[in-house]
Amino acid sequence: MFIATGPSNRKFQTIAFAAALATTLAAVLAGPAVADSAKDVLTIGKAADPQTLDPDITVDNNDWTVTYYAYQRLVHYKTINGKGSTEVEPELADSWSVSADGLTWDFKLKAGNKFDDGSSLDAAAVKYSFDRLFKLKQGPSEALPENTTVTVIGPMEVRFQLPSPYAPFLYALANNGCGIVNPKVEEKAKDGDMAKAWLAANTAGSGPYKLVSWDKGQSLVLEPNANYAGEKPAFSKVRVKIVGEAAARRLQLENGDLDIAEDLPVDQVEAIKKKPGIRVEEYPSLLVTYLYLNNSKPPLDKPEVRRAISWAIDYQGIVDGIFDGQAKQMRGPIPDGMWGQDPNVMQYTQDLAKAKAELAKSGVTAPKLSFLYSERDPNWEPIGLAVQANLAALGIEVKLEKLANAAYRERLGKGDFEIGVGKWSPDFADPYMFMNYWFDSNRKGLSGDRAFYVNPKVDELVRKAASATDQAERVKLYKEAQAIVVDEAPYVYLVQKNSQIALRDSVAGFVFNPMLEQIYNIGAMSKTK
Amino acid sequence: MPFVNIIRKRLIFLVLVVFGVSLITFAISHIIPGDPARLVAGDRASDEIVTSIRQQMGLDRPLPEQYWRYLTGILRGDLGASLRTNRPVIEDLVAFFPASLELALVALLIATLMGAPLGVLSAVYRDRPIDHVVRTLAVIGISTPAFWLGLILIVTFYGALGVLPGGGRIDPNLAIPSRVTGFYLVDSLLAGDLPAFGSTLRHLVLPAFTLGFIHLGVVARQIRSAMLDELQQDYVRTARANGIAKWRVICGHALPNALIPSITVLGLALGDLLYGAVLTETVFAWPGMGAYVVNSIQSLDFPAVMGFSVVVSFAYVLVNLAVDLIYMAIDPRITGVN
């Protein structure tokens, strides 16, 4: 049938079409702006997508948020009176014994642990995991001595044979890289890659949660591992949401779209402290910021010049002015909270008279130094400015040089700098992470001895401490070394920062562990509403 | 010249562009200082571990060999594996590119739908208050930093009023529409999933407006200038003399002609929007290529950076080709002249 359409009819149709479109749009747009965050769902807001989820490859805490509780390790960090500690206790291991020479470690495994696919976690799985770690030979393998061998000595018993005594061994086993991987991942291997590509985006562990989806740049979703041998976790879902901008993370926390917002700048944290429904927990961390004084370059090869610099720095000014009070001055190279730290070791304070006296002793007059830094950390530039102002009082002219981070690291690695700035946190709970990395002259360059410091006596002390089996003996050796490296001042020991974690009030059971930055004990946490 | 010849010429050009871009990005990536193997291994890794990683990645091979392997890979559709994520670059780009393109297209739509009428009004009422308002708005649009505008919009519409989402691409409680095109708007409609469509639209409003607002000024100014030219033409005067209503002449005669040069501007704007959305994507937690590429550059992830460059230059040439074809379709003189 033909219907004539005159001008008035067309007008009516146009108006009707516009009205229908407007109504549909309004209906579509009128949905809820704020997503409900259910009691059994935990949402963590993160600044950046993880890079890889393969525990034998990742060296980034940002990835460990997902991997740490998807896997289990032979030992894990103890919680003492509701507080995270740097001590370890058995997790998958039932017990262990070590030979008198410290080279042979035998572990008995607990029965009943299963991977998320239901297969048993036995000695063969432990051997597979460590063999994979050593074969891939990437960053995480650094935590254990090279040429360590693992053999199965019973269905639930495994032996580690170390090439030389390595005192931090037990602590290193609590590290993310020592997570036990299901050997069945080999079925996903391509071109002999040991399932590297598959594990980059999936998990295959025995921890309380497993990864179920990852929408790149948006979110990762973890759900309980039905075969987990421990207590059933409270959350039916843990969502890790990627929100790049700090201000947006803060707003989402305020609006209840996030339960935990990571990596908020100090000023944002201060602002949300007063908001209802949000709490901020603050803990001393083991993350330190320090200056590398290149000991291989004159005039910094003279300990008097390095001491003069250490006496000239306004530590409290840096703590208050740059870290907004959320930090404290270091006492020696080992941060407070790590065993082995000497609480009585000498601490530099700002004392211009002493600084001038040391400089005069060195015979160096009006030196010029460069201060190298990158955009990696927003605190580094203000620290550079503070150092420039502090050293000007000694007649030392400091030129700031800012580089792209990749170029900065390259120059640091080659020793092509005078003063550099950096931060450091331990991978495992042992003073080895500071004393052996920073001062053993075999580690010159980016890998640890960034001040290019050489002192045979210190080498001897820290190497002895690394192989001694008696902890008291180790502490004694490390204390002796601390006294020397504070006196010779190869670095300026600036500050150790506080960790600030912003959470909704409804989040319960969170335990901070200084060894597990950006890692939340999701297996034991819950929400009250 | 027939369409086919033009398309053939453009496709040859496309191959040359992709080759040139891959060569230049490869050269730049290897000239700048920094060791990607060290970045993957972590600062603390010993030199031995770094060497082992360098071998695994093939970074110890001579540069021409590395480039040849890369180029032959492109021909097979293999852009290599990301050094940072260990995943194939093509998989990452397939995940991120549609998000960026969807945002860019909606932003362009907003810029056009708002910019064109403003440009027309500005031209018709030249030197009157409305013209000044539009021109001021255009300058504000061009000079407003995207991240600032984005934050203000989030604080207002998400923080204070709570009427629009503060970031992301879809409500996290909703299932992501099953992938057909990678555009959530299209995929949700194809699946008949109206809640997902609505949520995607709500999530698009603020980032698309932020991104579109900058180009709104460009479009308004371009249309204004083209319209001023057209309104001086004899055919406009003739049409008016024949008694055709003023707005019918403006919209029916002058505007279509004024739109022709604007198509070039819109084509270029789409290119800008594609690779220029980094800040907007960051502010709105939009899972596009912006954050991926910035992180890749910082990590010296050469395969990812080169893959991005190749894909964007490919898209750029295709957009230009589309612009040319549209030109020919709406202005037959061009085909004739060529």
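Basis for what follows: all heavy atoms, side chains included, without hydrogens, waters or symmetry-related copies. Order of the sequence lines fixes the chain letters, A, B, ..., with proteins taken first and strands second; residue numbering starts at 1 for each chain.
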At what distance, to the nearest 0.5 angstrom, does [atom1] of [X] lie from [atom2] of [Y]?
{"X": "Asp215(A)", "Y": "Arg169(B)", "atom1": "CG", "atom2": "CZ", "answer": "9.5 Å"}
{"X": "Glu245(A)", "Y": "Thr280(B)", "atom1": "CD", "atom2": "OG1", "answer": "11.5 Å"}
{"X": "Lys444(A)", "Y": "Asp47(B)", "atom1": "NZ", "atom2": "CG", "answer": "11.5 Å"}
{"X": "Trp214(A)", "Y": "Arg87(B)", "atom1": "CH2", "atom2": "CZ", "answer": "4.0 Å"}
{"X": "Ile242(A)", "Y": "Trp286(B)", "atom1": "CD1", "atom2": "CH2", "answer": "15.5 Å"}
{"X": "Ser296(B)", "Y": "Gln51(A)", "atom1": "OG", "atom2": "CD", "answer": "9.0 Å"}

Check the pair Val243(A), Phe284(B) against side chain to side chain contact (heavy atoms under 4.5 Å, CB included), reporting the backbone distance first and the verdict last. CA-CA 7 Å; Val243(A) 185; Phe284(B) 288 99; over 6 Å; no
Side chain, backbone, both or neither: which part of [X] has a non-hydrogen atom closer than 4.5 Å to chain B?
{"X": "Arg443(A)", "answer": "side chain"}
{"X": "Trp198(A)", "answer": "neither"}
{"X": "Arg249(A)", "answer": "neither"}

With a cut-off of 6.0 Å (strictly less than), are more than 12 heavy atoms of other residues, nucleotides or ligands near [atom1] of [X]?
{"X": "Phe134(A)", "atom1": "CZ", "value": "yes"}
{"X": "Lys188(A)", "atom1": "NZ", "value": "no"}
{"X": "Arg248(B)", "atom1": "CZ", "value": "no"}

Please check this pair: side chain of Asn255(A) against backbone of Gly162(B), looking for a donor-acceptor N/O pair closer than 3.5 Å. no
Salt bridge or not for Lys137(A) and Glu48(B), using N-O below 4.0 Å? yes
Select, from [options], the one with the greatest count of heavy-atom pairs under 4.5 Å involving chain B.
{"options": "Glu146(A), Gln252(A), Lys196(A), Arg376(A)", "answer": "Gln252(A)"}
{"options": "Ser425(A), Ala200(A), Ala201(A)", "answer": "Ser425(A)"}
{"options": "Asp427(A), Asn442(A), Ile57(A)", "answer": "Asp427(A)"}

Heavy-atom side-chain contact between Lys216(A) and Pro287(B) under 4.5 Å: no
Please give me the minimum heavy-atom distance between Leu251(A) and Ile154(B), naming the atom from each residue. CD1-CG2, 3.4 Å
Please name the pair of heavy atoms, one in Tyr184(B) and one in Gln218(A), separated by the smallest distance, quoted to 0.1 Å. OH-NE2, 2.9 Å
Under a 4.5 Å heavy-atom cut-off, does chain A meet the side chain of [X], its backbone, both or neither?
{"X": "Val50(B)", "value": "neither"}
{"X": "Thr282(B)", "value": "both"}
{"X": "Ile176(B)", "value": "side chain"}

